[in-house]
Amino acid sequence: MTQQHYRITLLPGDGIGPEIMTVAVEVLKVVGEQLNLHFEFQQALIGGAAIDATGEPLPDETMEMCLKSDAVLLAAIGGYKWDTLPRHLRPETGLLGLRAGLGLFANLRPAKILPQLIDASSLKREVVEGVDIMVVRELTGGIYFGQPRGIFTTETGDRRGVNTMAYTETEIDRIGRVAFETAQKRSGKLCSVDKANVLEVSQLWRDRITQLAPEYPDVELSHMYVDNAAMQLLRWPKQFDTIVTGNLFGDILSDAAAMLTGSIGMLPSASLGAANPGVFEPVHGSAPDIAGQDKANPLAQVLSAAMMLRYGLNQPTAADRIEQAVLQVLDRGDRTGDIMSPGMNLLGCHAMGNALIEVLEQLATSVI
Ligand code: IPM
Ligand code: MG
C-alpha cells in the first residue's frame, strides 16, 4: 500500500484549544501509523493568540498556510481578555474571516446521542434515546455577512445598529444541494428551517429549497419556522434527521441540538466549500474558565479529526477507527468532568488522550 501524505494546518487558538489539539494530534499520529497515512502538521495562529502575537485575529500568514494545506484542524477561539476589543479585532472576526476566505459555505454539525451518555442529557431518556440529527448550516452568508452593517448615527443623534439578513438564490441553491445530498446519505428526511411568515429573505429561501426538491425524489422535504423548530428540538427531537438552515438560525439551533446529547464537549463539525481545504472544529468554544487545568473534554476535537479524515481527506477507514476508539473509551467508563456520572472513571484531558491511544492500539491488533 503506498503511503498517503497530507499537509494539515493546526489552529489551536485560545483557552482549552491547545490542550485538546495536543490530544487530537497524538490520535492522528497513531492512526496514521496504523493505516499508512503520513500527516505533516504545520501550526498557525488565529483568534486571541494571534491578536497577542501580531495585533490581528487572522494574520495573512495563517490564511496562506491554510490555503496551501489539505485540511485545517481548528480548536477554539476567544476569551474574556479580548471581549472588549473593537469588532474588527475580536477573535471571532478571525474565525469568520477564515470561513469566508476559504469559501466554506456548508457547515455540517451532527448531534448524535451516544448510548453511553444518555444519562448526561438534561432531557428524559425516552426523549433523547436514538437521536441522530445533522444540522446543515449555511456559513458564509445571511446576517453574519450582509450589507449594510454597522452602528450609524441618525439625524437626531440617535445611534442605530444595523445588520442585514440577505441570501441570493445562488447561495440558497448551493447549500440546499449539500443538504439534499446529505439527507440522501442518511434517512432521506430533510427539514428546512426559516422564518418565512415574517422575513422576505426566508420566503425566497423556502421557494428555492422547494424548487430543488423534485431533483431529489428520494428525499422527503418539510419546512418549519425557526421558533417552532427550537421548541420541537426539545419536545421530540427524534422527528428530525437532516436540518438545513441559514447562518444565524443554524448557529442557535446547532447549540440546542448539541445539548440534547448531554455535552457540547462531544460534538465535532465540518465546514466545507467548493474548492479550498475544509476546516474541522468542535462545536464548543474555548472554555476559558477551565483552560490550562487539564479538565477539558478532548473528544469533540478528536471527533473533528475523524470528520476531517472522512469529509476532507476521504479516508473513511481511519475516521471509523477513531470513532470506534471514542465509543470504546466510553464503554470502559472513562469520562471527563462534563460527561461524568456516578460510578465512572473521572479523567483529565491528557489522560483521556492516553485512554484513546491504548484503545487504538488494541483495535489495531484485533483488526488485521
Ligand atoms: C459557532 C460560533 C461562532 C459563530 C462564533 C464564535 C463567531 O458560535 O461556530 O457556532 O457564531 O458562528
Ligand atoms: Mg455558535
Side-chain angles (χ1 to χ4, degrees), residues 11-17 20-21 45-51 56-58 62-63 66 72-111 133-146 149 161 163-165 167 171 175 193 226 229-230 233 243-261 263-273 278-289 291 296 300-301 303-304 307-308 311:
L11 304 175
D14 308 316
I16 58 169
I20 58 178
M21 186 63 93
L45 293 166
I46 192 168
I51 296 170
E56 38 184 354
L58 179 64
T62 297
M63 199 62 208
C66 290
V72 178
L73 190 62
L74 170 76
I77 52 112
Y80 315 123
K81 185 175 167 194
W82 307 281
D83 273 353
T84 48
L85 290 173
R87 198 178 50 79
H88 71 281
L89 286 180
R90 290 185 50 138
E92 289 79 359
T93 306
L95 179 58
L96 296 175
L98 180 71
R99 291 171 178 172
L102 293 175
L104 305 173
F105 65 87
N107 184 213
L108 307 185
R109 295 190 163 182
I133 298 173
M134 178 70 89
V135 178
V136 179
R137 169 188 176 195
E138 199 290 329
L139 203 60
T140 52
I143 198 163
Y144 273 54
F145 293 93
R149 68 181 297 162
N163 289 91
T164 302
M165 192 186 281
Y167 274 114
E171 286 173 318
I175 190 71
V193 173
V226 62
L233 265 177
I243 293 177
V244 62
T245 190
N247 207 341
L248 179 63
F249 300 157
D251 179 44
I252 298 166
L253 293 183
S254 62
D255 267 27
M259 211 48 221
L260 301 171
T261 68
S263 172
I264 200 168
M266 291 300 299
L267 296 181
S269 80
S271 302
L272 307 169
V279 173
F280 302 85
E281 59 176 307
V283 170
H284 64 69
S286 60
D289 52 323
Q301 186 71 58
L303 291 170
S304 299
M307 276 192 109
M308 175 179 88
Y311 293 95

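We count ligands from 1, going down the list as the structure has it; atoms in each ligand are counted the same way. Heads up: numbering here begins at 1 and tracks the sequence.
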Write out the residue and atom name of the closest protein heavy atom to [atom], then the distance separating them to 0.1 Å.
atom	value
atom 8 (O) of ligand 1	Asp251 OD1, 3.2 Å
atom 4 (C) of ligand 1	Tyr144 OH, 3.4 Å
atom 5 (C) of ligand 1	Glu92 CG, 4.2 Å

Just heavy atoms, cut-off under 4.0 Å: does Arg109 contact ligand 1 by side chain, backbone, both, or neither?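 Under 4.0 Å from ligand 1, Arg109 contributes side-chain atoms alone.
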Taking side chain to side chain contact (heavy atoms under 4.5 Å, CB included) as the definition, give me every residue that meets it alongside Glu92, ordered by chain and number, with sequence neighbours left out.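 In terms of side chain to side chain contact (heavy atoms under 4.5 Å, CB included), with neighbours along the sequence ignored, Glu92 is linked to Ile77, Arg90.
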Just jot down the side chain to side chain contact (heavy atoms under 4.5 Å, CB included) partners of Ala76, sequence neighbours excluded, or say none.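 Once residues adjacent in sequence are excluded, the partners of Ala76 under the side chain to side chain contact (heavy atoms under 4.5 Å, CB included) criterion are Ser286.
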What pair of heavy atoms forms the shortest contact from Gly79 to Pro288, and how long is it?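 Looking at all heavy atoms of both residues, the closest pair is CA-CG, 4.1 Å.
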Shortest non-hydrogen contact between Phe280 and Ser304, atoms and distance: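 For Phe280 and Ser304, the tightest heavy-atom pair comes out as CB-O, 3.5 Å.
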Would you say Thr62's side chain and Ile46's backbone share a donor-acceptor pair under 3.5 angstrom?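 Not a single qualifying donor-acceptor pair exists.
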Name every donor-acceptor pair, under 3.5 Å, that has one atom in a side chain of residues 247-259 and the other anywhere in the protein, sequence neighbours excluded.
| unit_1 | atom_1 | unit_2 | atom_2 | d |
| --- | --- | --- | --- | --- |
| Asn247 | OD1 | Arg137 | NE | 3.1 |
| Asn247 | OD1 | Arg137 | NH2 | 2.8 |
| Asn247 | ND2 | Leu139 | O | 3.3 |
| Asn247 | ND2 | Gly141 | O | 3.1 |
| Asp251 | OD2 | Tyr144 | OH | 3.1 |
| Ser254 | OG | Arg109 | NH1 | 2.9 |
| Ser254 | OG | Gly250 | O | 2.7 |
| Ser254 | OG | Asp251 | O | 3.3 |

Which residues and atoms, counting only protein N, O or S, are under 2.8 Å from the Mg ion (ligand 2)? Asp251 OD1
To the closest 0.5 Å, what do you measure between CG (Leu267) and NE2 (His284)?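 Answer rounded to 0.5 Å: 9.0 Å.
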Taking atom OH of Tyr167 and atom CD1 of Ile143, what is their separation to the nearest 0.5 Å?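 It comes to 10.0 Å.
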Please list, in number order, the atoms of ligand 1 under 4.0 Å from a heavy atom of Arg137.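 In order of number, 1 (C), 4 (C), 9 (O), 10 (O), 11 (O), 12 (O).
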Between Met307 and Pro110, is there a side-chain heavy-atom distance shorter than 4.5 Å?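 They are in side-chain contact.
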Given Arg99, His284, Arg90, identify the one with the heavy atom nearest to atom 3 (C) of ligand 1.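 Ranked by closest heavy atom to atom 3 (C) of ligand 1, first place is Arg99.
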